[in-house]
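Residue numbers start from 1 in every chain, and the chains themselves are labelled A, B, ... in the order their sequence lines are given, proteins ahead of strands. Just so you know, these numbers come straight off a predicted model, no measurement behind them.
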Amino acid sequence: MTASSTRSTAHEPHYWLMKSEPSCFSIDDLKKAKIAPWDGVRNYQARNYMRDDMRTGDIVLFYHSNCAEPGVVGVASVAGEAYPDHTAWDPHSEHPDPRSTPERPLWYMVDVAYVDTFAKPVTLRILKADPFFANMLVVQRGQRLSIQPVEKRHAKRIISLGMRK
DNA sequence: GCCAACGTTGGC
DNA sequence: GCCAACGTTGGC
């Protein structure tokens with residue numbers, strides 16, 4: 001084990017669920033963009049996941065929230081490690097925060113790359129109805145965190161459900 | 001549109 | 001450090 005190997009060698013990807021309101025940024029928007037910064041996160045826990053725990057190649061379950069059929073609609077991947085969210089110090093952005101400056105960034109983001117859109121969305125209703133998913137964060141009452149770690153077994157099952165015609 | 005649950009703010 | 005008030009999230 002060399003000093004550089006901890007981060008630079010291939011590792012088991014981690015799995016994440018990332019929420020977006022489709023009226024704001026949908027999986028179709030990501031498909032068109034191919035790769036996009038996940039900006040605007042203004043929650044410390046979600047920031048910490050992006051800044052401290054996400055690695056290039058991690059798998060993202062793209063979740064549509066606050067819409068008619070909330071649920072996982074496709075797959076993306078983390079395209080690079082976190083960097084300062086410059087929209088925070090832009091007073092004209094959607095989520096300005098004057099506490100964050102280029103010298104002392106408060107908020108961070110990662111780039112996310114489009115991978116695939118599910119043939120059939122795996123809706124929150126489906127997840128809640130299946131005991132296999134019972135301890136996923138997203139099905140817990142009152143869970144609002146917009147970026148959540150997901151167990152590999154849950155991610156694998158959701159992806160296989162979603163890909164099924 | 002309603003509203004419960006949550007995270008943050010700020011007075012004390 | 002407590003906690004009430006407030007703004008936000010997000011399912012329904």
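In summary, A/Arg47 and A/Asp52 do not engage in a salt bridge, as defined by a charged side-chain N under 4.0 Å from a carboxylate O. Look at A/Arg125 and A/Glu69 and you find a salt bridge, because one of the NZ, NE, NH1 or NH2 atoms lies within 4.0 Å of a carboxylate O, short of that distance.
Remark: C1' of B/dT9 and CG of A/Asn43 are 15 Å apart, rounded to the nearest angstrom. Across the protein-nucleic acid pair, A/Arg42 atom CZ and C/dG7 atom C1' stand 16 Å apart, rounded to whole Å. Rounding to whole angstrom units, OH of residue A/Tyr63 and P of C/dT9 are separated by 15 Å. Between the C1' atom of B/dG7 and the CG atom of A/Leu106 lies a distance of 14 Å, rounded to the nearest Å. At whole-Å resolution of the value, CD in A/Glu69 and P in C/dG11 are 11 Å apart. Atom-to-atom, CG of A/Leu145 to P of B/dC6 comes out at 12 Å; the value is rounded to the nearest Å. For A/Ile147 and C/dG10, the CD1 to C1' distance is 16 Å, given to the nearest whole Å. Regarding A/Gln140, its CD atom lies at a distance of 17 Å from the C1' atom of C/dT9, rounded to whole Å.
Each of A/Asn66 and A/Gly142 lies near DNA chain B, and the nucleotide nearest A/Asn66 is the one positioned closer to the 5' end.
Look at A/Tyr44 and you won't find any side-chain N or O under 4.0 angstrom from OP1 or OP2 of B/dT9. Considering only side-chain N and O atoms, A/Arg99 lies under 4.0 angstrom from the phosphate OP1 or OP2 of B/dT9. Note on A/Lys19: every side-chain N or O is 4.0 Å or more away from OP1 and OP2 of C/dT8.
Under 3.5 Å, the side chains of A/Tyr108 and A/Asn48 contain no donor-acceptor pair of N or O atoms.
Of all nucleotides listed (C/dG11, C/dG10, B/dG7), C/dG10 comes nearest to the side chain of A/Ser146.
Cation-pi contact between A/Arg153 and A/Phe132: present, with separation from the ring centre below 6.0 Å and deviation from the ring axis of at most 45°.
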